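Inspection log for the structure reproduced underneath, given as C-alpha cells.
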Amino acid sequence: MNHQPAGAAGIGRAGVGARPVRTGADLTASTAVRYALVPVPRLSLAAVALRSGIHPDLIRRFVALGLVDAERDAAGRLVFDATAPAVLARIQRLRTGLCLNYASIGLVLDLLDRISLLEAALRGRGTRSETPPWT
C-alpha cells in the first residue's frame, strides 16, 4: 500500500551506515543492500498520535490492518516514518469524506498509489493526461 522502503530504519543513535536500507528495487531484483548515510528520523507512537490527533489504539489498529507502515525498535515499541501523520490524515479524509470502512480504505489507498505511479510514468514520457490528478 505505502510504497516506502521496507527496512528504512535508522532507529536510535545509529552511526553512519550502521543500518542497511532496502529499497523496493532491492527487494524484488536482488539481495543487494544499500547503507544509509544519515540516520532516518523516526517517530514514536506517542509523537504520531500527538501530531495526527488520533488515539494511539486506533493507530495500532491501522498498523494491524496494514494501512500504516511501522516497525519495532529494540525495546519492541512501534516506530514510524516521518510521513506517518500525513498517511493518517489521508486515511481520515477517506473515512470521513467517502464514508469508507477501514478495510476498503486499504484498497482505495492502493489504487491511489497506483494511479500516482502511472501519472508519474506518463509525465516521464512527456505525455500528459487530459485531466489533473484528483488526489
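All figures in this text were calculated on a predicted structure; none of them were measured in a lab.
- Distance check, rounded to the nearest 0.5 Å: CG of L94 to SG of C99 gives 11.0 Å.
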Kindly indicate, with the supporting measurements, whether the criterion side chain to side chain contact (heavy atoms under 4.5 Å, CB included) is fulfilled by L88 and V48.
-> CA-CA 9 Å; L88 289 168; V48 170; 3.3 Å; yes
Decide yes or no on side chain to side chain contact (heavy atoms under 4.5 Å, CB included) for V108 and L112, but give the supporting numbers first.
-> CA-CA 6 Å; V108 171; L112 290 173; 3.9 Å; yes
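- Note on L65 and I59: same hydrophobic cluster, where clusters join Ile, Leu, Val, Met, Phe, Trp and Tyr whose side-chain heavy atoms are under 4.5 Å apart, directly or indirectly.
- Residues F80 and V63 have side chains in contact (heavy-atom distance under 4.5 Å, counting atoms from C-beta outward).
- Between atom CG of residue L78 and atom CD of residue E71 there is a gap of 10.0 Å, rounded to the nearest 0.5 Å.
- Residues D81 and P41 form no side-chain contact, since every pair of their non-hydrogen atoms from C-beta on lies 4.5 Å or further apart.
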Walk me through it: do V79 and S44 pass the test side chain to side chain contact (heavy atoms under 4.5 Å, CB included)?
-> CA-CA 5 Å; V79 290; S44 67; 5.5 Å; no
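- The backbone N or O of L100 lies less than 3.5 Å from a partner atom in the side chain of R95, making a donor-acceptor pair.
- Note that the CG atom of L45 and the CZ atom of R77 stand 10.5 Å from one another [nearest 0.5 Å].
- In the hydrophobic clustering of ILVMFWY residues, with side-chain heavy atoms under 4.5 Å counting as a link, L58 and L50 come out apart.
- With rounding to the nearest 0.5 angstrom, the CD1 atom of I54 is 5.5 Å from the CZ atom of F62.
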Should L109 and I91 be marked as a side chain to side chain contact (heavy atoms under 4.5 Å, CB included) after you check the CA-CA gap, both sets of side-chain angles, and the distance that decides it?
-> CA-CA 8 Å; L109 288 174; I91 291 169; 3.8 Å; yes
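- Taken to the nearest 0.5 Å, the CG atom of L67 stands 11.5 Å off from the CZ atom of R90.
- Atom CG of D110 is separated from atom CZ of R114 by 11.0 Å, given to the nearest 0.5 angstrom.
- Counting only distance, with no hydrogens or angles, the side chain of D73 and the backbone of A75 share a donor-acceptor pair below 3.5 Å.
- Residue-environment remark: CZ (R51) stays at or below the threshold of 12 foreign heavy atoms within 6.0 Å.
- Under the 3.5 Å distance criterion, with hydrogens and angles disregarded, a donor-acceptor pair is assigned to the side chains of S104 and N101.
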